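These numbers come from a predicted model, not from an experiment. First the proteins, then the strands, lettered A, B, ... as listed; each starts at 1.
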Amino acid sequence: MEQKKLAGWLKLIVIGIAVCAVYIYAVIIPGYGQMIVRQNPEFGYCYLPWLIFISITAIPIFVALFFAWKIFANIGNDRSFCKENADHLKWISWLAGGDAAYFFLGNIVLMFLNMNHPGIVLYSLIVVFAGTAVSVASAALSHLVLKAALLQEESDLTV
Amino acid sequence: MEGEIIINIDVMLAKRKMSVTELADKVGITLANMSILKTGKAKAVKLSTLARLCEVLDCQPGDILEYAVRK
């Protein structure tokens, strides 16, 4: 596949993920929360804290999508292996790891505030694991892209 | 102290009354690569390129390569 076309498809995927994320955070999560409150009015006091807590997890996701967009723009400009891309991937790794840590700690804090259940905390570990996996994968990719960038520079400056 | 290899082709170009463009063409490398060579930005030079340079300029590698200590 041509590089520009590939970059175009990748950017399309970023837009798709962003649209899905907006829908999940703006519609599905608040709607699900309101449904739980309707069925269990005694949990009404938990709705707003949980909504704020989960909404904050969206910030690193959108920042990571911005960095992903920049990476794909570089790929389109035939700069797949560059230090800039390695740095962007490192940022994505930190954002994913930070988001996973925040989500785990937030669950623990909400449990101590009587707004959570140990069973929910256990389920949240799945999300934490997914975030950690993205973080580790991004860190590995960052390392490999940096090595490739150094090799490319060496190759470009070999006469 | 770290040393570096300096490529001096200006003297040989003047001796052979050849332009940079002509040299690049005869050696078989692009003008961009010749510029990289001339400005000292090259990280590596292939032996085949060095051989072609010596052939075209009718000189020895020592005539165009110089070792200097980096300040």
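The 12-atom threshold is not exceeded at NZ of A/Lys90, counting heavy atoms of other residues, nucleotides or ligands nearer than 6.0 Å. For CH2 of A/Trp50, the number of neighbouring non-hydrogen atoms (other residues, nucleotides, ligands) closer than 6.0 Å is greater than 12. No more than 12 heavy atoms of other residues, nucleotides or ligands lie within 6.0 Å of CZ in A/Phe104, so this atom counts as exposed by the packing criterion. Taking a 6.0 Å sphere around OH of A/Tyr32, one finds it holds 12 or fewer heavy atoms contributed by other residues, nucleotides or ligands. Counting non-hydrogen atoms of neighbouring residues, nucleotides and ligands closer than 6.0 angstrom, the CG atom of B/Leu47 reaches no more than 12 such neighbours.
Note on A/Val63: it clusters hydrophobically with A/Phe53, by side-chain heavy-atom contacts below 4.5 Å among ILVMFWY residues. Residues A/Ile108 and A/Tyr123 fall into different hydrophobic clusters, defined by Ile, Leu, Val, Met, Phe, Trp and Tyr side chains chained together at heavy-atom separations under 4.5 Å. Hydrophobic clustering of Ile, Leu, Val, Met, Phe, Trp and Tyr side chains at less than 4.5 Å, counting indirect connections, keeps B/Ile6 apart from B/Leu37. A chain of hydrophobic side-chain contacts below 4.5 Å, direct or via other Ile, Leu, Val, Met, Phe, Trp or Tyr residues, connects B/Leu65 to B/Leu13. Under a hydrophobic clustering in which Ile, Leu, Val, Met, Phe, Trp and Tyr are joined whenever their side-chain heavy atoms come within less than 4.5 Å, directly or via other members, A/Phe67 and A/Trp94 fall into different clusters.
Residues of residues 130-158 of chain A lying under 4.5 angstrom from chain B, judged on non-hydrogen atoms, are A/Glu153, A/Glu154, A/Asp156, A/Leu157, A/Thr158 by number. Residues of residues 34-46 of chain A lying within less than 4.5 angstrom of chain B, judged on heavy atoms, are absent.
Put simply, the residue from B/Ile36, B/Ile7, B/Val27, B/Leu53 that forms a side chain to side chain contact (heavy atoms under 4.5 Å, CB included) with A/Val159 is B/Ile36.
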